[in-house]
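What follows is a short report on a single structure.
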Amino acid sequence: MRFLIALLMLSLPAFAEVADITARDGWAVVPTGKPYDQLVADVKTAAKAHQMGIVTEAGPTGAAATRGITIPGNRVIGLFNNALAVQILNIDTHAMIEAPIRVYVTENADGTATLSYKLPSAIYAPYSSDLTPVATELDATFAAIAAQAAN
């Protein structure tokens, strides 16, 4: 039994590794040369500059560290704008389940960080086609946030 516990403890670092984010359908993936903490700060600054509020923020990195587990930086930041929320509610109440839209900042193995997010147009595609103008506006806003944060 002790052998199994020791084996499990030795294998924990392997479980704590996180793969770099890669492109996939319906996502924007923006690799940067910035360190993780800088990219997190720059995303917040860019969001505010583009009138998006920071609604939620969560990540497992700090909590894992309190348990003695080291994992790369990993932060999800939920962004939204109340004026757009009201527009969406007036079109399709069900679609508000998708707010806030989350951006994902991940630390890469080489010390750089990547910003990724699901495209708002992909998120809202299953709902009313009347949401297309709002989703298109959000696509442009999130692209501008990503571009500003990445530079």
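Heavy-atom basis, side chains included; hydrogens, waters and symmetry copies ignored. Since we're looking at a predicted model, the values are computed, not measured.
- Between Leu39 atom CG and Thr112 atom OG1 the span is 9.5 Å, to the nearest 0.5 Å.
- The shortest distance between side-chain heavy atoms of Thr136 and Val134 does not fall below 4.5 Å.
- To the nearest 0.5 Å, the span separating OH on Tyr117 from CD1 on Ile145 amounts to 8.0 Å.
- Not a single salt bridge (charged side-chain N to carboxylate O under 4.0 Å, His left out) links Lys118 to another residue, sequence neighbours left out.
- The environment of Asp25 atom CG is sparse: at most 12 non-hydrogen atoms of other residues, nucleotides or ligands sit within 6.0 angstrom.
- Summarising the geometry of Pro120 relative to Ala135, their closest heavy-atom pair is CB-O, 3.9 Å, with the distance given to 0.1 Å.
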Sequence neighbours excluded and cut-off under 3.5 Å, please list the side-chain donor-acceptor pairs for residues 57-64, or say none.
from: Glu57; atom 1: OE1; to: Lys44; atom 2: NZ; distance (Å): 3.2
from: Glu57; atom 1: OE2; to: Lys44; atom 2: NZ; distance (Å): 2.8
from: Thr61; atom 1: OG1; to: Pro72; atom 2: O; distance (Å): 3.1
from: Thr61; atom 1: OG1; to: Asn74; atom 2: N; distance (Å): 3.0

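- Scanning all heavy atoms of the two residues, the minimum distance from Asn81 to Ala83 falls at OD1-N, 2.7 Å.
- Of the inter-residue distances, the one linking Gln87 atom CD with Asp130 atom CG reads 12.0 Å to the nearest 0.5 angstrom.
- Here the side chains of Met52 and Val103 are not in contact, with every heavy-atom distance at 4.5 Å or above.
- Minimum heavy-atom separation, Tyr104 to Val76: CD1-CG2, 3.6 Å.
- Side chain of Thr32 to main chain of Ala113: a donor-acceptor pair is present (N/O by atom type, distance under 3.5 Å, no hydrogens or angles).
- With hydrogens and angles disregarded, a donor-acceptor distance shorter than 3.5 Å links the side chain of Lys34 to the backbone of Ala149.
- Surrounding CZ of Arg75 are more than 12 heavy atoms belonging to other residues, nucleotides or ligands, all under 6.0 Å away.
- By the side-chain hydrogen bond (donor to acceptor under 3.5 Å, both in side chains) test, Tyr127 pairs with Glu98, sequence neighbours left out.
- Considering only heavy atoms from C-beta on, Val55 stays 4.5 Å or farther from Leu79 through its side chain.
- Annotation for Phe80 and Pro100: closest pair CD1-CA, 3.9 Å, computed over non-hydrogen atoms.
- Closest approach of Tyr36 to Gly73, counting heavy atoms only: CE1-C, 3.3 Å.
- A 4.5 Å side-chain heavy-atom check between Ile101 and Ile123 finds at least one atom pair inside the cut-off.
- No side-chain heavy atom of Ile77 sits under 4.5 Å from any side-chain heavy atom of Thr56.
- Counting all heavy atoms, side chain and backbone alike, Leu119 lies closest to Asp139 at C-OD1, 3.7 Å.
- Leu138 and Trp27 sit in two unconnected hydrophobic clusters of ILVMFWY residues. Membership requires side-chain heavy atoms under 4.5 Å apart, directly or through other members.
- Atom CD1 of Ile88 and atom OG of Ser128 lie 11.0 Å apart (nearest 0.5 Å).
- Within the model, atoms CG of Leu115 and CD of Gln148 stand 11.5 Å from one another, a figure rounded to the nearest 0.5 Å.
- Here Leu89 contributes atom CG and His94 contributes atom NE2; the two are 11.5 Å apart, rounded to the nearest 0.5 Å.
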